[in-house]
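Remember, predicted model here, so these are calculated numbers, not experimental data. Counting convention: from 1, in listed order, for ligands and their atoms alike.
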Amino acid sequence: MRIDILTIFPEMFEGPFNHSIIKRAQNKNLVEIYLHNIRDYSKSKHKNVDDYPYGGGSGMVMMIQPIADCIDELCKERIYDEIIYTSPDGNQLNQKMANHISGFNNIIILCGHYKGIDERIREHYITKEISIGDYVLSGGELAASIIVDSITRLIPGVLNDETSALSDSFQDDLISPPVYTRPAQFKGWNVPSILLSGNEKEIIKWQYEKAIERTEKRRPNLLNRD
Ligand code: ADE
């Protein structure tokens, strides 16, 4: 999968993309991530990427020209399955959406900033707007990192144990059951004896019951989804 990210802060991705699973996925060539600095596409004398909003009001708006030129250039090279804009107004990211996007070949993610982007970009280029939650971030970079992380780990071959992504919380609309590791006793707190029993059938049953119990208690809305 190829992911092109348009941002005014490419450095913000150095941490998230150079460690752990995303790094491994890139090393295995299962995902290619390209960062494009929107400022490099600005045709204005001072390389501006934002301007005052028409009609007045506070804050600055990201200009159409640098973003449009960058997207046009990318689209000349290949067909994109989706051009995503990170925005608190978008549909909220969930596991189903991550599963869907992880099946694509090429996507663009545009990170918003300031008061927003010129509406004509949304009208004429953006095919999907994604929010990571009902709160406002300073910019779309953190949201883009989260989207990339959630989809990369689902690409076949990225995780060593492929079943491990399938058993994530939310994959079956259930929260994961509790997990434990050694030692079996610590400060008098014991690991549930069933997990030490070696009875695989009973363990799976126990894990399923715990997943249901947790979901009912913490996220009952997940059980009522169609
Ligand atoms: N940009 C600012 N806030 C955001 C959010 N909640 N989700 C995605 N992008 C954003």
Legend entry - N or O contact, Gly133 vs ligand 1, cut-off under 3.5 Å: yes
Legend entry - Heavy-atom donor-acceptor pair, Asp81 side chain to Phe104 backbone, under 3.5 Å: no
Inset, instruction - Taking atom types as modelled, find out whether Arg78 and Tyr80 have a side-chain donor-acceptor pair closer than 3.5 angstrom. - result: yes
Legend entry - Atom indices of ligand 1 within 4.0 angstrom of Ile130 heavy atoms, with elements: 8 (C)
Inset, instruction - Indicate yes or no: does Arg120 engage Glu123 in a salt bridge with an N to O separation below 4.0 Å. - result: no
Legend entry - Thr215 side chain vs Ile175 backbone, donor-acceptor pair below 3.5 Å: yes
Inset, instruction - Go through the structure and list residues passing side-chain hydrogen bond (donor to acceptor under 3.5 Å, both in side chains) with Gln65, not counting sequence neighbours. - result: Asp69
Inset, instruction - Considering only non-hydrogen protein atoms, determine which one is nearest to atom 7 (N) of ligand 1 and report residue, atom name and distance to 0.1 Å. - result: Ile132 N, 3.0 Å
Legend entry - Electrostatic pair Asp50-Lys115, nearest N-O below 4.0 angstrom: no
Legend entry - Quiz item: cation-pi between Arg122 and Tyr85, 6.0 Å / 45°: no
Legend entry - Sub-4.0 Å heavy-atom approach of Gly112 to ligand 1: no
Legend entry - Ala143: numbered ligand 1 atoms lying under 4.0 Å from its heavy atoms: 8 (C), 9 (N)
Legend entry - Identity and distance of the protein heavy atom lying nearest atom 1 (N) of ligand 1: Pro88 CD, 3.6 Å
Legend entry - Region of Ser87 that comes within reach of ligand 1 [heavy atoms, distance under 4.0 Å]: backbone
Inset, instruction - Specify the protein heavy atom at minimum distance from atom 3 (N) of ligand 1: its residue, its atom name, and the distance to 0.1 Å. - result: Leu137 N, 3.0 Å
Inset, instruction - Report, in ascending order of atom number, the atoms of ligand 1 lying under 4.0 Å from any heavy atom of Tyr135. - result: 3 (N), 5 (C), 6 (N)
